[in-house]
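In what follows, a structure is listed as structure tokens, so that the remarks can point back to it.
We use all heavy atoms of the structure for the numbers below, so side chains are in, but hydrogens, waters and symmetry mates are not.
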Amino acid sequence: MNNSGKRYNDIHERLDSLRKAMQKNAIDVLIIPGSDPHLSEYPPDHWCTRKWFSGFTGSAGILVVGMHKASLWVDSRYWTQAERQLEGTGIDMCRIESGKSVLSYVDWIVDNFSTGSCVAIDGYLISMEQGHMLAEKLEGANLLFRTDIDPVPDVWKDRPAMPDGAVFEHSFEYTGRSRNEKIALLRSEMKKIGAKWHFISSLDDIAWILNLRGNDIAYNPVFLSYLLIGESRVVLMTDRTKIPVPLYEALEKDGVEIKPYDAVSGVLANLPTKTSLLYDPRRTSYALSEILDTGIK
């Protein structure tokens with residue numbers, strides 16, 4: 001069997017296993033985007049889920065898997081590539097026409113699945129903005145929308161580990177401002193709009209603010225992390241083992257608390273009630289926004 005034939009068989013086997021996991025979890029339709037919890041355009045290998053299940057290697061597209069049909073939705077940049085890479089997989093290539101909404105696949109779901117069907121997506125892989133739009137369209141069509149269940153780990157057994165590249169300082173020679181200066185500027189802007197806290201999930205922004213760089217994504221000098229800036233606190237959530245001791249001490253000296261990467265849910269859940277929080281709904285995952293106390297402005 002040639003490599004192409006083996007790849008097509010791999011895709012069929014993966015989709016079959018995924019459908020069994022979906023059935024076990026009462027999921028009729030699974031939406032698989034190509035992002036990570038930071039909504040990066042180029043995710044680490046650990047989150048290249050769409051690629052693993054479809055074979056499509058483009059940087060943008062949405063895979064929709066049902067029990068009997070699957071489709072990959074791409075814009076005109078990827079039509080030729082997707083047709084070639086999906087050939088023989090049983091996945092239909094669907095075009096997002098110029099000027100049409102990137103949520104065109106939602107209309108396809110509404111048209112192809114019956115009332116009451118359960119449509120699921122990992123809430124960490126879509127933005128708050130996208131999550132609310134999906135919920136409105138799907139629930140408006142009497143479909144059940146779930147973001148709290150992810151069957152992928154049950155299927156992807158040899159999934160690449162979380163990246164563990166070292167974090168390093170970006171020299172003042174190139175930054176022109178210290179991290180304390182940048183944080184002070186942010187706090188000044190926060191005060192103008194009445195925000196007590198600012199939550200940042202976008203990796204490039206975190207790297208810029210703290211004058212840090214990393215190697216967690218190929219060709220992108222960033223590292224997996226979340227950042228919370230308050231009036232008197234700065235909390236960086238990342239894997240402690242990625243930070244060399246001298247850098248850890250330098251961050252502590254600058255008032256930056258280091259917490260584990262997976263502490264983000266607890267940190268957000270423990271924000272004071274009735275406080276005010278600034279965040280970008282296009283760059284913050286839907287799952288994290290759901291954690292926030294309803295009293296927070």
Side-chain angles (χ1 to χ4, degrees), residues 10-11 13-56 60-73 91 102-103 105-106 109 113 116-135 137-139 143-163 201 203 216-217 224-226 237 239 260-269 283-292:
D10 286 345
I11 297 300
E13 290 173 5
R14 292 169 186 176
L15 289 175
D16 286 344
S17 296
L18 180 61
R19 285 174 170 133
K20 289 176 183 176
M22 289 166 58
Q23 192 170 31
K24 180 181 176 182
N25 289 282
I27 297 171
D28 298 295
V29 189
L30 184 66
I31 301 171
I32 304 176
S35 57
D36 61 18
H38 306 274
L39 309 172
S40 308
E41 182 176 5
Y42 301 101
D45 291 342
H46 179 82
W47 280 292
C48 287
T49 314
R50 183 194 60 214
K51 174 184 174 182
W52 194 77
F53 280 111
S54 70
F56 173 67
I62 297 287
L63 177 63
V64 180
V65 179
M67 284 300 166
H68 305 292
K69 59 183 73 177
S71 60
L72 178 78
W73 292 77
I91 301 171
V102 293
L103 293 178
Y105 66 91
V106 183
I109 292 172
F113 295 89
S117 295
C118 175
V119 182
I121 187 171
D122 182 347
Y124 283 93
L125 304 184
I126 52 169
S127 69
M128 175 187 175
E129 185 177 65
Q130 291 171 322
H132 284 306
M133 287 191 293
L134 274 172
K137 294 196 74 165
L138 292 171
E139 291 170 359
L143 298 172
L144 176 63
F145 180 52
R146 293 193 62 181
T147 61
D148 60 342
I149 188 167
D150 178 18
V152 169
D154 294 335
V155 180
W156 195 358
K157 300 299 185 181
D158 59 348
R159 189 175 188 171
M162 293 273 285
S201 176
L203 303 182
D216 282 350
I217 303 177
L224 296 182
S225 55
Y226 296 99
M237 289 148 277
D239 183 352
Y261 176 75
D262 58 6
V264 61
S265 296
V267 169
L268 290 178
R283 302 295 300 274
T284 304
S285 74
Y286 183 80
L288 288 180
S289 70
E290 291 289 283
I291 291 169
L292 298 173

Legend entry - Geometric class of the Y286/H132 ring pair [parallel <30°, tilted 30-60°, perpendicular >60°]: perpendicular

Inset, instruction - Quick one: do T284 and Y226 satisfy side chain to side chain contact (heavy atoms under 4.5 Å, CB included)? Show the steps, please. - result: CA-CA 10 Å; T284 304; Y226 296 99; over 6 Å; no

Hey, does [Y] have a side-chain heavy atom less than 4.5 Å from the side chain of [X]?
X	Y	answer
L288	S265	yes
L144	S117	no
I126	S35	no
R159	V152	yes

In residues 42-51, what donor-acceptor pairs under 3.5 Å come from side-chain atoms, sequence neighbours left out?
residue, atom, partner, partner atom, Å
H46, ND1, P160, O, 2.6
R50, NH1, G61, O, 2.7
R50, NH2, G58, O, 2.5

From [X] atom [atom1] to [Y] atom [atom2], the distance as rounded to the nearest 0.5 Å:
X	Y	atom1	atom2	value
I27	I121	CD1	CD1	11.5 Å
H38	L125	NE2	CG	10.5 Å
I31	I109	CD1	CD1	4.0 Å
D28	F113	CG	CZ	7.5 Å
S201	M237	OG	CE	9.5 Å
L15	K20	CG	NZ	12.0 Å

Shortest non-hydrogen contact between [X] and [Y], atoms and distance:
X	Y	value
R19	G66	NE-O, 2.6 Å
S40	L203	OG-CD1, 3.9 Å
G55	I11	N-CD1, 3.6 Å
Y261	S225	CE1-N, 3.7 Å
A21	V155	CB-CG2, 3.8 Å
F145	G131	CE2-O, 3.8 Å

Inset, instruction - Validate the cation-pi geometry between R14 and W52: distance from NZ or CZ to the six-membered ring centre under 6.0 Å, angle to the ring axis within 45°. - result: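 Because its charged atom sits under 6.0 Å from the ring centre and within 45° of the axis, R14 does stack over W52.
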
Legend entry - Heavy-atom neighbours of Q23 CD exceed 12 at 6.0 Å: no

Inset, instruction - Using the side-chain contact (heavy atoms from CB on, under 4.5 Å) rule, pick out the option among L138, L143, V65, V119 that qualifies with V29. - result: V119

Inset, instruction - Taking D216 for its side chain and L224 for its backbone only, find out whether a donor-acceptor pair lies under 3.5 Å. - result: yes

